[in-house]
K.L.:
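Got a structure here, written out as structure tokens. Questions coming.
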Amino acid sequence: APHRIRVTGIPLIPAFENLPGQQQARKNLGLAANPTILITGGQCGIGVTAALQQLLDDKHHRYQLLVTEGSHAADNEKLQQLAHNYPDRCRLFGWRSDMRDLFCAADIVVGKPGGLTVSETLACGKPFIATCCLGGQEMHNVNFLEKNNAGRYVELAQLSTVINELFTDAKRMETMNSCAQKLGRAHAARSIVVELEKLLGLTKFKKFHVANLWE
């Protein structure tokens, strides 16, 4: 029944409740102030190399590209070669337990629209561009992003064209950022604990910050 449902969002690690500004995030990662794109393909690394190469070849912008290659990506060697060839524009990151600074440093996030990736992107108020979709829940995620003007699906061949249009349309980019921020649920974990307290009628947890639950 509707009255028994609470929409909290996917619980994220406590770091997402205290977000750095974009400049601070870039400083934390040792990055420049250029237009910045985060490319993430999950553990499968789907389409990451092709997306990276296309954006490196773009003549309109000298993008700063952050890539999470994943520990099982099939084309890690190709990614490492591109990073070697473009040391001032491409930064590779292996598996990370905390993606907060990468999301906050980026202007746009590109990748596979998994639930956690999309949730973390929105929590940081960034537009999400999906270049591949496995259907099912991922398609629902894409539809949700497009319906709420916080992202979209594009064919990989059109990626650089779409991103160039966004970077040359400041008003549209601002609108997408605003929509993403409204959808983000950085405090989802805390909301879940509050709902559990209500459900169980407990008060003893109120003395503790929700971060204690992660210890």
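The basis for the numbers below is simple: all heavy atoms, side chains too, and nothing from hydrogens, waters or symmetry mates. Position 1 is the first residue of the sequence, and the numbers go up from there. The shown structure was predicted, so the numbers you read here are calculated from the model rather than taken from an experiment.
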K.L.:
For N177 versus P127, what's the shortest heavy-atom pair and its separation?
P.N.:
OD1-CD, 3.0 Å
K.L.:
Enter the distance from T49:OG1 to Q80:CD here, rounded to the nearest 0.5 Å.
P.N.:
10.5 Å
K.L.:
Would you call R6 and E195 a salt bridge, using N to O less than 4.0 angstrom?
P.N.:
yes
K.L.:
Quick one: are I163 and I37 in side-chain contact, heavy atoms under 4.5 Å?
P.N.:
yes
K.L.:
Which pair of non-hydrogen atoms, one from Q158 and one from Q54, has the smallest distance, and what is that distance?
P.N.:
C-OE1, 4.0 Å
K.L.:
Any idea which heavy atoms bring D58 and S160 closest together, and the distance?
P.N.:
OD2-CB, 3.4 Å
K.L.:
Could you give the distance from SG (C104) to CE (M99), rounded to the nearest 0.5 Å?
P.N.:
11.0 Å
K.L.:
Do you know the tightest heavy-atom contact between A180 and G125?
P.N.:
CB-C, 3.7 Å
K.L.:
Heavy-atom distance under 4.5 Å between the side chains of K112 and T40, does that happen here?
P.N.:
no
K.L.:
Drop me the distance from Y153's OH to I129's CD1, to the nearest 0.5 angstrom.
P.N.:
12.0 Å
K.L.:
Out of E174, K182, M176, which residue meets the side chain to side chain contact (heavy atoms under 4.5 Å, CB included) rule with S178?
P.N.:
K182
K.L.:
Can you name the nearest heavy-atom pair linking P113 to E138, along with the distance?
P.N.:
O-CG, 3.6 Å
K.L.:
Give the minimum heavy-atom separation between F16 and A123, together with the two atoms involved.
P.N.:
CD2-CB, 4.2 Å
K.L.:
Is any side-chain heavy atom of H60 less than 4.5 Å from a side-chain heavy atom of T168?
P.N.:
no
K.L.:
Check the side chains of N141 and Q137 for a donor-acceptor pair under 3.5 angstrom, ignoring hydrogens and angles.
P.N.:
yes
K.L.:
Roughly how far, to the nearest 0.5 Å, is the CZ atom of F103 from the CD atom of E120?
P.N.:
4.5 Å
K.L.:
Please name all residues satisfying side-chain hydrogen bond (donor to acceptor under 3.5 Å, both in side chains) with Q53, sequence neighbours left out, ordered by chain then number.
P.N.:
D57
K.L.:
Could you check if a side-chain atom of F93 sits within less than 4.5 angstrom of a side-chain atom of L102, using non-hydrogen atoms only?
P.N.:
yes
K.L.:
Taking the side chain as every heavy atom from C-beta outward, state whether L31 and L66 have any atom pair closer than 4.5 Å.
P.N.:
yes
K.L.:
Before giving the answer on side-chain contact (heavy atoms from CB on, under 4.5 Å), spell out for T68 and I39 the whole-Å C-alpha distance, their side-chain angles and the decisive distance to 0.1 Å.
P.N.:
CA-CA 7 Å; T68 56; I39 303 175; over 6 Å; no
K.L.:
Got V67 and R91 here, is their nearest side-chain heavy-atom distance under 4.5 Å?
P.N.:
no
K.L.:
A side-chain contact here means heavy atoms from C-beta on lying under 4.5 Å apart; do D107 and K126 qualify?
P.N.:
no
K.L.:
To the nearest 0.5 Å, tell me how far R89 CZ sits from L55 CG.
P.N.:
8.5 Å
K.L.:
Heavy atoms, side chains only, cut-off 4.5 Å: are I10 and R185 in contact?
P.N.:
no
K.L.:
Between D101 and R26 (salt bridge meaning N to carboxylate O under 4.0 Å), is one present in this structure?
P.N.:
no
K.L.:
How long is the span from the SG atom in C90 to the CG atom in L82, to the nearest 0.5 Å?
P.N.:
6.5 Å
